[in-house]
Protein chains: 2
Amino acid sequence: MRKLRKPNAKERILETAGELFFQRGYSGVGINEIIEKAGTAKASFYQHYPSKESLCEAWLRAIHERSEEERSLLLAASEAPAAKLAAWFDRLEEFLVSSGFRGCPYSNTGAVSDESCPGIVAEIRRHKESTRVFLRRLAAQAIPDSQRADEIGDRLFVLYSGATSEAQNLKEIWPVQVARAAAAEWLEP
Amino acid sequence: MRKLRKPNAKERILETAGELFFQRGYSGVGINEIIEKAGTAKASFYQHYPSKESLCEAWLRAIHERSEEERSLLLAASEAPAAKLAAWFDRLEEFLVSSGFRGCPYSNTGAVSDESCPGIVAEIRRHKESTRVFLRRLAAQAIPDSQRADEIGDRLFVLYSGATSEAQNLKEIWPVQVARAAAAEWLEP
DNA sequence: CCATAAACAGACAGACCTGTCTGTAAAGTG
DNA sequence: CACTTTACAGACAGGTCTGTCTGTTTATGG
């Protein structure tokens, strides 16, 4: 029986864990399943990640960085701010539909994490605050009054979160469409 | 050693489980802890509830009925619709603060429940749809055009959900205040 | 007073969990 | 070829989980 050694166990683990955490939740997936699906040994896992919690942090950090890139591109684009916002909601809609309405990875993870996982909680806060900043900047591109722009940005943040959450709970897309319509009204006064 | 028999084991279990499920999440609490804190025997538990899942359903049903009562009272009150809505957000704010920003029990439970728990998922949908209807009715009291009232009711629903969710994630109250301000604007055009 | 229902106590099975450990095999590097 | 790094294989400990089972005790209604 030949034993082939595949490189990049760390990345394979992160990739696999990401899919599983997203689909079934952090608490619903075990290390054993992750390493089995990733095709690695348990010893390899603990060589790269000191614990399951640290793997979760790495996952959240990874998807945070990907979304940060997208947002930078969108902010710098030459479209009208309202069009950018609409495109952003379009992306959310496509994401939710194609992933089976699994909702926001951060909120889902936060629902099962308390003060006993400070690293995870910190990643969630970091991402959420960053989302808030992004939406404030986007609002600022459409609204001259900076105080009003911050207020609208915060509203967009809350609305976006609710759309994601309720699309997940109801397995329906209308919350996103309702949110997009409301957001559009805020950006063209 | 005297063995005292306490009546109403079923209710004590439901009460205790409700607190624990709410504080630490459905998946974070085990039967053993519930019966220990409730002061009952395991056999007593399984005499009343066939499974942990059925206990969770009973819990969600119980808090759903309590909130339905509150909503009926609020809808029937003689205040102005905008005042009712403000009062509703006030209640949400107080609830979140006093409970340590634990968020929405339904959304939290939904984050760790998939198609393997159909009863739980059904309870969540039922409550969320009922919340949507409540807010549509409240909107209808302020907005004559029934189509517009439904649209605003749906927006209120999404906004309310986002406020609850992000207050939980950030452990801050401003999402609720932002949502209340936005909601107020919708109700006085 | 006796029969029955409801609650108690707690052991047990069987599965799963995280994390540790020992040892081996393959690849890269000098 | 020797040496080091990386990955594989899998047993193991120690714990938790749900759910079942046996048997005992208390209260209540007829």
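Throughout, protein chains are lettered first and strands after them, A, B, ... in sequence-line order, and every chain is numbered starting at 1.
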For atom OH of B/Tyr49 and atom P of C/dA6, their distance in whole Å: 14 Å
Per A/Ala9 side chain, nearest of listed nucleotides C/dC8, C/dG19, D/dC8: D/dC8
Rounded distance in Å - CD (A/Glu11) to C1' (D/dA7): 14 Å
Side chain to side chain donor-acceptor pair (under 3.5 Å) partners for A/Asn108, two or more places apart: A/Gln168
Any N/O donor-acceptor pair, A/Lys42 side-chain to D/dG10 base, under 3.5 Å: no
Nearest-angstrom distance from the residue atom CZ of B/Phe45 to C1' of D/dC21: 16 Å
Protein-nucleotide distance (B/Asn8, atom CG; C/dC8, atom C1'), rounded to Å: 15 Å
NZ or CZ of A/Lys52 within 45° of A/Tyr46 ring axis and under 6.0 Å: no
DNA chain D contacts among residues 28-41 of chain A, heavy-atom distance under 4.0 Å: A/Gly39, A/Thr40, A/Ala41
Contact under 4.0 Å: A/His48 side-chain N or O vs D/dA7 OP1/OP2: yes
Integer-rounded Å distance: C/dT18 P and A/Ile13 CD1: 13 Å
Nearest-angstrom distance from the residue atom NZ of B/Lys52 to P of D/dT16: 15 Å
B/Phe157 six-ring centre to B/Arg132 NZ/CZ under 6.0 Å and within 45° of normal: no
Nearest atoms (heavy-atom pairs only) where B/Glu172 meets B/Pro175: O-CD, 3.4 Å
Positions of residues 56-63 of chain B (non-hydrogen atom under 4.0 Å from DNA chain C), listed by number: none
Between C/dA7 (P) and B/Lys10 (NZ): distance, integer Å: 10 Å
Beyond-backbone contact of A/Trp59 with A/Thr109, side-chain heavy atoms, under 4.5 angstrom: yes
Between C1' of D/dT16 and CZ of B/Arg24, the distance in whole Å: 13 Å
Residue pair B/Tyr106, B/Arg126: steps toward the side-chain contact (heavy atoms from CB on, under 4.5 Å) verdict: CA-CA 10 Å; B/Tyr106 298 91; B/Arg126 196 165 77 95; over 6 Å; no
Within 6.0 Å of CD in A/Glu36, more than 12 heavy atoms from elsewhere: no
Among C/dT18, D/dA7, D/dG19, the nucleotide that comes nearest once only the side chain of A/Tyr46 is considered: C/dT18
Gap between atom CD1 of B/Ile120 and atom CD of B/Glu57 - 0.5 Å precision: 6.0 Å
Presence of B/Arg12 side-chain N/O under 4.0 Å of C/dC8 phosphate oxygens OP1/OP2: yes
Test: A/Glu151 and A/Arg155 ion pair at under 4.0 Å: yes
